[in-house]
Amino acid sequence: MRASIVSDSLHQLIGFVDKSTVKFVNHLVDKSSDIDEFKTKVSNALGTDDQQKVDQFAHELWSQLRAQTTATKRRSKTKVRESRQTIDVNKSDVFVEPKSVSKPTDTSRKGDESEESMDSDEEERTRDLKERDEFSERLRLKDKNKTRNIATNSDKKSYEEAAKRLKLEAEDRQKIMPKLRVESRRQYLEKRKEDKLALLEADIADEEYLFNEENLTESEKAKLEYQKKVLHLAREHDRARDLENVQRYHMPSEGKNNDEYIEVDDTERAPNAEQKKWEEERLGIARLRFGAKDANKKSRKEYELVMDAEIEFVQSLTIGGDNFDEEDHEKEEKKTKKQTIDETRRLLPIYPFKEELIEAIREHQVLIIEGETGSGKTTQIPQYLHEAGFCADNKKVGCTQPRRVAAMSVAARVAEEMGIKLGNEVGYSIRFEDCTSERTLLKYMTDGMLLREFLSEPDLSSYSVIIVDEAHERTLHTDVLFGLVKDIARFRPDLKLLISSATLDAQKFSEFFDDAPVFRIPGRRFPVDIYYTKAPEADYVEACCVTILQIHVTQPLGDILVFLPGQEEIEQTQEILQERQRKLGTRIRELLIRPIYSNLPTDMQAQVFEPTPPNSRKVVLATNIAETSLTIDNILFVIDPGYCKQNSFNPRTGMESLIVVPISKASANQRAGRSGRVAAGKCFRLFTAWAYQHELEDNTIPEIQRVHLGNVVLTLKSLGINDILHFDFLDPPPHETLVLALEQLYALGALNHLGELTRLGRRMAEFPVDPMMSKTLIASEKYSCSEEVVTISAMLNVNASVFYRPKDKAIHADTARKNFFQLGGDHLMLVNVYNQWAESGYSRQWCLENFIQYRSMCRARDVRDQLEGLMERVEIELKSCDSDHIAIRKAITSGYFYHTARLSRTAGSYKTVKGQQTVLIHPNSSLFEEKPRWVLYHELVLTTKEYMRQTIEIDSQWLLEVAPHYYKDKELEDSTHKKMPKQLGKSNNDLNRVYPKL
DNA sequence: GAGCACTGC
């Protein structure tokens, strides 16, 4: 990092930088005893064209590089208080002195004594920093030694292959030569079969999207059907064989152990299986398709019906279709017939710009690419770069996506276009799944994944180009990446940066990246007519229902997509619609109602994608999930009430809340665009044109300004970015949020009093969880309960979606939930749930019986597996504490001592220890009725009231034990002790009672 | 006695 400070300043001064100059200047700083000496040395060395500039340069560099050393020197001579000002947290009154520092501040002591303790403090710091760096070095070696990327869960085959190869080499080659020949023949046949099958599959796929099925002759159709059948049978055969242990139609013989028999279902229990299944389904949906195939078939017949209420709409404008109307499209479709993938690629809107684009990339280090979806930029640009030689010297082209499914599907598409197997030259990397190899040159990944890669490769030296795709979505990770890539681009002039974004933001990105040029690529979209209401609508659920029926009876066939804020509104709308439909009976055509939101079980989600039967209409009631995450085909009408639910975090209270807010203009346009994907569409906005113009914000507030940043700040710190408050954010988060994050990290011991990362902090940064949780994970080593804490962490990660509570069986679900309750609190209940599920053999049936969401549990299991791996990485042994609940709760307290509350005198309510806010135990908590005197909470949420979600009971003395630097005795005194009503706070007395085994 | 928008590591 020091090098980068030097190179930055140097670059400004002399316009170029190289390693040796940086080293040299660094050396000068170290050798100079004061600023003047340094100034002289610099001007001697660099020449004195502009003395003023040199002076300024020297001053800046000196103050940045020597601040810490000077601070250290000063500290040993003066009072402690002064040094504390170097912490880059300005609300330092929250802190009490760190333990080792606070004791010797006794004023009666002599100066030399305190100096001595200062020295030991300083020694401690140096030792810690040394250990931290050694730890980092060990991690680096581990990464290096690991045969890169071959051994991953997903790529089991290649891993096995590699292992086998090594084994073979160890054995005597001569001996096994004949065997090897047979094996090689077998493998050849296997591979040939694979190739043939892949070819067949590609044929069918081509056939299907290049030709309109109607235009095929009977014999052609028959051939296609035949091909499909062959492929299906071949795949089925393979699948049956792959399930080696499965014995179909097998009767267990007498006396024989039945354990051999394995249900086919068991294959689903493999790690990631559920997630994969879901993602595969999504992948199917995400495939490239050519639209308007059946536009002509659509009946134009209109129904007439008198409605009870009608909303008056006015058409205001039409969003242009990028010079691309249906006629053109039909012409183009004719052209695409019988053409190969290669020729299809040439028809993409981006193709004519290929040479120009490559030229621009060569010329400029940073380029903003402005292009609508459908221009082919995501799939084509990396290929163009590859062809243009940007992958020379085995350098990679990295392309980030905000979503896992997108990264996978795009990579698969590109591999197909290049005619290679996914995972070789083209690969993708997402959490839980790394489908890359040493040969990978084009790497698609989620933005968060690139962020983690920074930890092991801070200069991204293995990449020659980084493409940040969908930048306009402004996800938390993309926003952090902006600052980081901008930073490394300065000292890596060979690194190219491409930021791709939709129209609205391009200028802003350009300004951020020092006025980088903007390259425009047209998209491919159909026009969309926008309608507004004449007057504002009070009740948007009611307005939606009316509009749906209005469209249904007056407009030609075509599916409707409705955007609603949440599950509740979706269910409400569904009920009203069903009721009205029943009343209207056969007077209207069939209307299929399909809800979709992320917490909906997978099989019900799938119904959304089923094709609409002829002469009926589908209406999809969706949350924001349909805005970007998934695309539903054949939507012609969009209804947009103009609201969504948004999470916001209040750094002053530490409270999160989820509230319904008006959407932004960008979001409204994105929603409207969902109707123009297959043909010209219509969007009905349930607000007035005036409201659109004057009441909606241009853009949604970026995520980075709305969330708690603990983990982000820790990651940045571990990347060596010390001055977080002045980090170059595109849109800086609120000052308070950053300060709160820094305070917490300091209190947790991740940062020392100079704001430097400690050894503990370095280890904490390895975990993809909140810093309080990573501290808990590390503290679990001390209390020998790492197994349980890892489980808790994984379960809290999937949080609210563990328990399933259908409306009609609410009472049963509640009883089932209460059966999992554990004395001591909710975290222990989560361990209980997980362990019971594990004992059931990770059974789906068990989940059904206990009103637990199977999908969430599978996810918890994946997270748990990853955390286990990371525990090993940071050198913590996995141990179980069996029934020792105290140990678990103490471990949690070491991470979450910040989150404690004490029962207050007003019955039932609590006051947070720091901050004195009034909060309540969430009614779903196992401690809701018990009301212990002291509780620790996982999070604060503001819903109808201020609630603590996920609480455990603690002993106030533990706080002194685990966080003596943070709590003073006085704060924990139980002044309320005697005044407490009898029933309340009773459990504190028998804290040491025997707990049943988990 | 409440209520879970959506992602991502």
Side-chain angles (χ1 to χ4, degrees), chain A residues 275 400-407 429-434 445-455 470 473-481 563-572 596-600 622-630 643-648 656-661 663 667 670 700 702-704 706-707 710-712 714-715 765-770 773-774 793-794 797-807 810-811 813-814 817 853 856 859 862-863 866-867 869-870 908 920-925 928-929 939 941-949:
Chain A
Q275 178 75 17
T400 72
Q401 294 290 321
R403 278 169 295 279
R404 296 163 52 92
V405 174
S429 170
I430 55 180
R431 188 183 187 181
F432 308 130
E433 215 175 314
D434 185 359
M445 59 193 131
T446 43
D447 44 14
M449 213 58 198
L450 183 64
L451 206 54
R452 304 272 347 149
E453 272 190 27
F454 264 95
L455 282 178
E470 313 284 358
E473 283 193 31
R474 304 293 306 276
T475 68
L476 177 63
H477 292 148
T478 317
D479 264 24
V480 178
L481 279 177
F563 285 99
L564 289 159
Q567 182 180 347
E568 200 185 322
E569 289 87 348
I570 288 176
E571 281 167 358
Q572 225 178 318
I596 185 158
Y597 43 89
S598 86
N599 261 351
L600 195 73
T623 57
N624 251 0
I625 194 170
E627 196 176 297
T628 48
S629 303
L630 49 88
Y643 291 99
C644 70
K645 273 191 185 172
Q646 213 173 55
N647 191 6
S648 70
E656 277 178 51
S657 50
L658 196 59
I659 38 176
V660 177
V661 294
I663 58 171
S667 188
Q670 171 75 20
T700 313
E703 194 184 358
I704 199 162
R706 286 188 283 118
V707 295
N711 197 299
V712 167
L714 182 59
T715 310
E766 285 298 310
F767 294 98
V769 294
D770 187 271
M773 184 50 84
S774 39
S793 181
N797 214 293
V798 294
N799 210 6
S801 50
V802 170
F803 295 100
Y804 176 59
R805 195 171 182 272
K807 254 186 189 163
I811 300 164
D814 286 345
R817 193 168 49 84
Q853 295 234 29
S856 304
R859 192 175 157 70
D862 289 341
V863 175
Q866 189 195 23
L867 290 177
L870 290 171
L920 298 166
I921 293 188
H922 196 280
N924 275 355
S925 167
F928 180 65
E929 278 163 21
E939 58 184 355
V941 286
L942 174 67
T943 51
T944 49
K945 288 178 187 135
E946 284 121 339
Y947 286 112
M948 299 181 276
R949 216 188 258 161

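Numbers restart at 1 for each chain; the letters A, B, ... are given by sequence-line order, proteins then strands.
- Of the candidates B:dG1, B:dT7, B:dA5, B:dA5 carries the atom nearest the A:Thr623 side chain, counting heavy atoms from C-beta on.
- Taking the side chain of A:Pro923 as heavy atoms from C-beta on, and the options B:dA2, B:dC9, B:dC4, the nearest nucleotide is B:dA2.
- Ranking B:dA5, B:dC9, B:dC6 by closeness to the A:Pro768 side chain, first place goes to B:dC9.
- Residue A:Arg949 has no polar side-chain atom (N or O) positioned under 4.0 Å from OP1 or OP2 of B:dA2.
- With sequence neighbours excluded, no residue forms a salt bridge (charged side-chain N to carboxylate O under 4.0 Å, His left out) with A:Glu568.
- Contact annotation: side chain of A:Arg805 to base of B:dA2, donor-acceptor pair present below 3.5 Å.
- Of the candidate nucleotides B:dA5, B:dC9, B:dC4, B:dC4 has the atom lying nearest to any side-chain atom of A:Asn924.
- Listed nucleotides B:dC9, B:dA2, B:dT7 differ in distance to A:Ser629; the shortest reach to its side chain belongs to B:dT7.
- The side chain of A:His477 has B:dC9 as its nearest neighbour among B:dT7, B:dC9, B:dC4.
- A:Arg706 and A:Glu656 are not joined by a salt bridge, as no carboxylate oxygen comes within less than 4.0 angstrom of a charged side-chain nitrogen.
- Under 4.0 angstrom from either OP1 or OP2 of B:dT7 there lies no side-chain N or O belonging to A:Thr475.
- For A:Lys945, the listed nucleotide lying nearest its side chain is B:dA2; candidates were B:dA5, B:dA2, B:dG8.
- Contact check, A:Ser598 against B:dA5: no side-chain N or O comes under 4.0 Å of OP1 or OP2.
- For A:Phe928, whose side chain is taken as the heavy atoms from C-beta onward, the closest listed nucleotide among B:dC9, B:dG1, B:dC4 is B:dG1.
- In this view, A:Gln670 and A:Glu627, A:Thr628, A:Arg674 satisfy the side chain to side chain contact (heavy atoms under 4.5 Å, CB included) rule, not counting sequence neighbours.
- The A:Arg403 side chain lies nearest to B:dT7 when the options are B:dT7, B:dA5, B:dG1.
- Using a 4.0 Å heavy-atom cutoff across all strands shown, A:Arg474 reaches no nucleic acid atom at all.
- The side chain of A:Asn797 lies closest to B:dC9 when the candidates are B:dC9, B:dA2, B:dA5.
- Using a 3.5 Å distance cut-off with no hydrogens or angles, the side chains of A:Asn711 and A:Thr715 do pair a donor with an acceptor.
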